[in-house]
Amino acid sequence: MITLRTLFKKKESGEKITMISTYDYLSAKFCDQVGIDCILVGDSLGMVFQGGSSTLGVSLEEMIYHTKAVRKGAKESFVITDMPFMSYQVSKEKAIENCGRVIKETGANAVKLEGGEEIADIIYKLVSLGVPVVGHVGFTPQKINTIGGYRVVGKEEEAERVKRDFKILEEAGAFMVVLEAVPSALAKEITDSAKAITIGIGAGPYCDGQVLVFHDLVGLVEDIKPKFVRRYLNGAELFKKALSEFKEDVEKGRFPTEVESYG
Ligand code: KIV
């Protein structure tokens, strides 16, 4: 079973940490079986699973539902649940209540919160109460409307802000921080002096670990392919080929055969 200690041992020894963002039992089981260290139940499910245009509409109940399914498939992997938009920002009390629900009801090992200085007090309180917290800086999808669309965050004068937010999260007690869509040199500078574990997505090769969304990695997402995604499989093509073959077999009377039928 992967624990915080396992993850810190990997960081200390320079062994890279692997993380996949996914939302269901079977994909979580595949990740677990091949030894992926961490499974993030990302609120990207609002786009990838639900077909929405952002992550903003995802509810706490949906995150709990998906984390329960993932936890069943993840016997060894460390499970992290994304706290959805406005489930932790309203007040410390609300954050404690909602993060507490996730940990108690799903069996997740940690929660992930997006933001920097503005959520430091909340993170400090959660960690002091025994809730392991993962931070998320750089491009933070829950701020899509104020950031003004998907873009690299942390170029030129913005770099100081990202570095400052990272340090604040670390001091507040976040044991791990996701760096999303930041220049690779900035991710290196942060990682080189970081006590917390850094996980990159679109942040270059120097972080302590890397995360990709399962559906991107297996090539199921056809319409968008950000620069940082590597497709290891042509999933969409393979799925459609199988479905077309099924359709043709049924239409031509080739499915089911005797052996596929009960006597
Ligand atoms: O929601 C998500 O899947 C994420 C990862 C992309 C880091 O936050």
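Residues take their numbers from the sequence shown, with the count starting at 1. Counting convention: from 1, in listed order, for ligands and their atoms alike.
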Under 3.5 Å: N or O atoms of ligand 1 paired with protein N or O:
unit_1   : atom_1 : unit_2 : atom_2 : d
ligand 1 : 1 (O)  : Asp43  : N      : 3.2
ligand 1 : 1 (O)  : Asp43  : OD1    : 3.3
ligand 1 : 1 (O)  : Ser44  : N      : 3.0
ligand 1 : 1 (O)  : Ser44  : OG     : 3.2
ligand 1 : 1 (O)  : Asp82  : OD2    : 3.1
ligand 1 : 3 (O)  : Ser21  : OG     : 2.6
ligand 1 : 3 (O)  : Ser44  : OG     : 2.6
ligand 1 : 8 (O)  : Lys112 : NZ     : 3.1

> Does the Lys29 side chain pair with the main chain of Gln33, one donor and one acceptor, at a distance under 3.5 Å?
Replying inline: no
> Side chains of Ser27 and Thr22: donor-acceptor distance under 3.5 Å anywhere?
Replying inline: yes
>> I'd like to know whether His215 forms a ring-ring contact (aromatic ring centres under 6.0 Å, His included) with Phe49, so could you lay out the CA-CA distance, the side-chain angles of the two residues, the decisive distance to 0.1 Å, and finally the verdict.
In response: CA-CA 9 Å; His215 302 70; Phe49 182 85; 7.8 Å; no
> With no hydrogens and no angle check, is any side-chain donor or acceptor of Thr6 less than 3.5 Å from a backbone partner on Thr3?
Replying inline: yes
>> Going by side chain to side chain donor-acceptor pair (under 3.5 Å), name the residues that satisfy it together with Glu12, two or more places apart in sequence or in a different chain.
In response: none
> Measuring from Ser44:OG to Ile201:CD1, what's the distance to the nearest 0.5 Å?
Replying inline: 8.0 Å
